[in-house]
Protein chains: 2
Amino acid sequence: MTSAKRTSERAPAAAPERAEPRGWDPGRRAAAGTASARPGPPVAPDHSHELSRLAALLADRTRAAFCLALLDGRAWTAGELAAYARVAPSTASEHLSRLIDGGLLVERRQGRHRYVQLAGPRVAELLESVTAHLDPPATAPRGLRAATASAALARGRTCYDHLAGRLGVALTDAMAVRGLLDQDGGFALTDTGREWFEGALGIPSDALRAGRRPQARGCLDWTERRQHLAGTAGARLCERLLERRWIRRIGTGRAVRLTPEGTTALRELLGLDEEAAGLV
Amino acid sequence: MTSAKRTSERAPAAAPERAEPRGWDPGRRAAAGTASARPGPPVAPDHSHELSRLAALLADRTRAAFCLALLDGRAWTAGELAAYARVAPSTASEHLSRLIDGGLLVERRQGRHRYVQLAGPRVAELLESVTAHLDPPATAPRGLRAATASAALARGRTCYDHLAGRLGVALTDAMAVRGLLDQDGGFALTDTGREWFEGALGIPSDALRAGRRPQARGCLDWTERRQHLAGTAGARLCERLLERRWIRRIGTGRAVRLTPEGTTALRELLGLDEEAAGLV
DNA sequence: ATGACGTATCGGTGGTGGCCGAAGTGTCGC
DNA sequence: GCGACACTTCGGCCACCACCGATACGTCAT
């Protein structure tokens with residue numbers, strides 16, 4: 001009973017005053033050494049509850065797989081995700097509800113389908129930054145089909161709403177060489193960079209400042225282990241390249257490839273060499 | 001038994017081929033609708049397992065509290081953390097072992113003490129970026145002592161190895177105004193910024209490029225909801241200000257305050273106005 | 001030595017949650 | 001209308017794990 005009572009009183013009571021510096025239970029803690037307690041005030045607002053709640057959403061294998069799949073930026077149906085993660089539809093449904101409640105996903109009901117999608121660029125950034133901290137450098141693909149598919153993905157792909165893979169990195173590097181992007185001191189579009197977006201791509205500076213989202217961000221690539229351009233600039237760039245048919249999606253996946261027109265255009269605009277960038 | 005068998009065969013078998021596009025169990029999935037399965041190859045390397053493993057480390061309230069407390073960049077003993085999170089020492093010990101195994105923390109045993117610390121700037125960045133995605137704008141402090149302590153923290157504090165709070169934001173803004181930092185196009189130190197570090201602070205450019213860590217990074221502040229300077233530049237800056245006694249720690253906590261010498265020095269160097277910045 | 005203290009290990013307990021199948025609800029097509 | 005289909009809800013099962021107290025093991029002080 002003792003243990004039952006303690007756990008039951010802990011769970012609810014812990015919420016408001018868990019990490020409060022004052023208000024320790026001296027009776028219980030005294031035996032364990034109150035003297036060792038840090039005197040100064042700990043971290044002010046207690047975010048531990050929210051942090052753990054958020055982390056718990058990703059702490060399940062199936063939900064994590066869902067989120068990573070959705071990192072392609074498109075909407076998936078519940079059934080597709082269930083098949084992808086190899087769980088029963090009922091299980092997938094429950095997971096999706098939790099992810100939506102948690103604010104990571106949004107849904108759009110359409111007929112008998114339930115389309116889900118990442119809730120926005122912020123969520124994509126969150127997932128990117130967390131996955132960027134996973135050490136292991138990826139596993140080699142098995143089988144011919146998987147190998148070619150994975151090679152295509154390594155060449156170029158979309159990462160939520162911008163370009164990644166060797167293509168994304170090559171574009172980023174070319175922009176840095178031309179002085180459009182500052183990669184030395186951090187990650188930022190230069191003045192000439194903004195002019196280039198306007199002049200070369202017809203993207204005005206206004207279109208680059210969308211709310212709180214940063215104009216330029218570095219996004220770590222899991223195939224290249226290098227940064228590529230993300231943020232509004234990265235999104236607009238990808239958008240425009242698709243529009244002008246300089247890149248094209250391969251099949252229905254997230255892999256993209258450079259078209260012949262794109263090759264010449266990007267060579268002109270950025271001095272991008274398709275072969276040197278490893279895009280052939 | 002069916003369910004027992006499935007779960008037991010799922011756990012180990014899932015690891016290598018969970019998210020494989022091919023190799024589905026047609027018999028089982030067929031009934032649930034294989035036709036809806038996305039044709040193209042899903043995300044190439046399956047990171048879902050590692051992602052969920054990492055997230056699980058933070059998915060517990062107590063462990064999350066540990067990590068947030070350790071965000072002050074200093075080493076805590078196991079007992080201190082136990083008292084802080086109000087759990088039994090045995091419980092804290094187990095959590096610490098898990099966090100260390102997971103690579104988030106490192107330990108330094110010293111006599112009968114076990115000091116733990118964040119494993120490095122990368123872990124600090126990870127925690128920052130995750131906590132930055134927590135919506136609620138913090139709760140108001142209760143009580144006078146808590147209020148003054150929290151006010152001091154809001155004025156200025158360390159955030160792992162750099163400065164945060166109004167002080168951190170004000171410094172960042174002042175640097176941006178002076179053209180030392182580019183906040184418009186992203187977040188990067190400019191050429192003049194690097195010169196300033198060398199000339200005004202005596203920090204050579206070499207000291208700013210330490211391995212893979214970015215020179216300048218934006219770190220979102222939970223009190224200000226604004227970005228402040230992080231990365232090697234932020235760390236060196238904080239270090240140097242402490243060295244020159246322009247700022248000083250308040251008590252043993254992570255709060256810092258501007259000294260009189262610091263006030264004049266920063267007014268000269270950056271045009272920083274203590275009052276306008278809300279530091280009084 | 002001895003006792004105090006910080007921490008680790010172990011066994012046990014209860015709660016949480018992921019999973020499934022079966023049954024139910026709504027939508028589409030015939 | 002009628003099935004087919006996508007999804008949801010429910011009940012039940014099982015595994016995991018956070019927690020504690022008791023005990024054990026080091027280290028430090030006396």
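Below, chain A is the first sequence line, B the second, and so on; all start at residue 1.
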N/O (side chain, [X]) to phosphate O (OP1/OP2, [N]) under 4.0 Å:
{"X": "Arg98(A)", "N": "dG18(C)", "value": "yes"}
{"X": "Ser93(A)", "N": "dT9(D)", "value": "no"}
{"X": "Arg109(B)", "N": "dA8(C)", "value": "yes"}
{"X": "Ser97(A)", "N": "dT8(D)", "value": "no"}
{"X": "Thr91(B)", "N": "dC20(D)", "value": "yes"}
{"X": "His95(A)", "N": "dC19(C)", "value": "yes"}

5'-most by nearest nucleotide on DNA chain C - Gly111(A) or Ala92(A):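 Its nearest nucleotide being more 5', the pick is Ala92(A).
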
Nearest-nucleotide 5' precedence on DNA chain C, Tyr115(B) against Ser90(A):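 The residue mapped nearer the 5' terminus is Tyr115(B).
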
Which atom pair, heavy atoms only, marks the closest approach of [X] to [Y]?
{"X": "Leu51(A)", "Y": "Ala64(B)", "value": "CD2-CB, 3.9 Å"}
{"X": "Leu54(A)", "Y": "Val130(B)", "value": "CD2-CG1, 3.8 Å"}
{"X": "Thr158(B)", "Y": "Cys238(B)", "value": "CG2-SG, 4.2 Å"}
{"X": "Ile100(A)", "Y": "Glu107(A)", "value": "CD1-CB, 3.7 Å"}

Side chain of Arg114(B) (C-beta onward), nearest among dG17(C), dA8(C), dT9(D):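 Among dG17(C), dA8(C), dT9(D), the one nearest the side chain of Arg114(B) is dA8(C).
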
Proximity to the side chain of Arg112(A) - top-ranked nucleotide from dT7(C), dA4(C), dC5(D):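 The answer is dC5(D), which lies nearest to the side chain.
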
Rounded off to whole Å, could you give me the [atom1]-to-[atom2] distance for the [X] and [N] pair?
{"X": "His113(B)", "N": "dT27(D)", "atom1": "NE2", "atom2": "P", "result": "13 Å"}
{"X": "Arg53(B)", "N": "dC17(D)", "atom1": "CZ", "atom2": "C1'", "result": "16 Å"}
{"X": "Asp60(B)", "N": "dG15(C)", "atom1": "CG", "atom2": "P", "result": "17 Å"}
{"X": "Glu80(B)", "N": "dT7(C)", "atom1": "CD", "atom2": "C1'", "result": "13 Å"}
{"X": "Leu81(A)", "N": "dT8(D)", "atom1": "CG", "atom2": "P", "result": "11 Å"}
{"X": "Glu107(A)", "N": "dG26(C)", "atom1": "CD", "atom2": "C1'", "result": "14 Å"}
{"X": "Leu57(B)", "N": "dA18(D)", "atom1": "CG", "atom2": "C1'", "result": "14 Å"}
{"X": "Arg61(A)", "N": "dC19(C)", "atom1": "CZ", "atom2": "C1'", "result": "15 Å"}

Quiz item: Glu94(B) side-chain donor-acceptor pair to dC10(C) base, under 3.5 Å: yes

Carboxylate-amine/guanidinium proximity below 4.0 Å for Glu128(B) and Arg217(B): yes

Net bend of the helix from dA1(C)-dT30(D) to dC30(C)-dG1(D), end axes of five pairs each, nearest 10 degrees: 30°

Lys/Arg cation over aromatic Trp222(A): Arg157(A), 6.0 Å, 45° cone: yes

Side-chain donor-acceptor contact under 3.5 Å, Arg61(B) with Ser48(A):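 Yes, Ser48(A) and Arg61(B) have a side-chain donor paired with an acceptor closer than 3.5 Å.
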
His228(A) and His162(A) aromatic ring geometry - parallel, tilted or perpendicular at 30°/60° bounds: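 Correct class here is tilted.
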
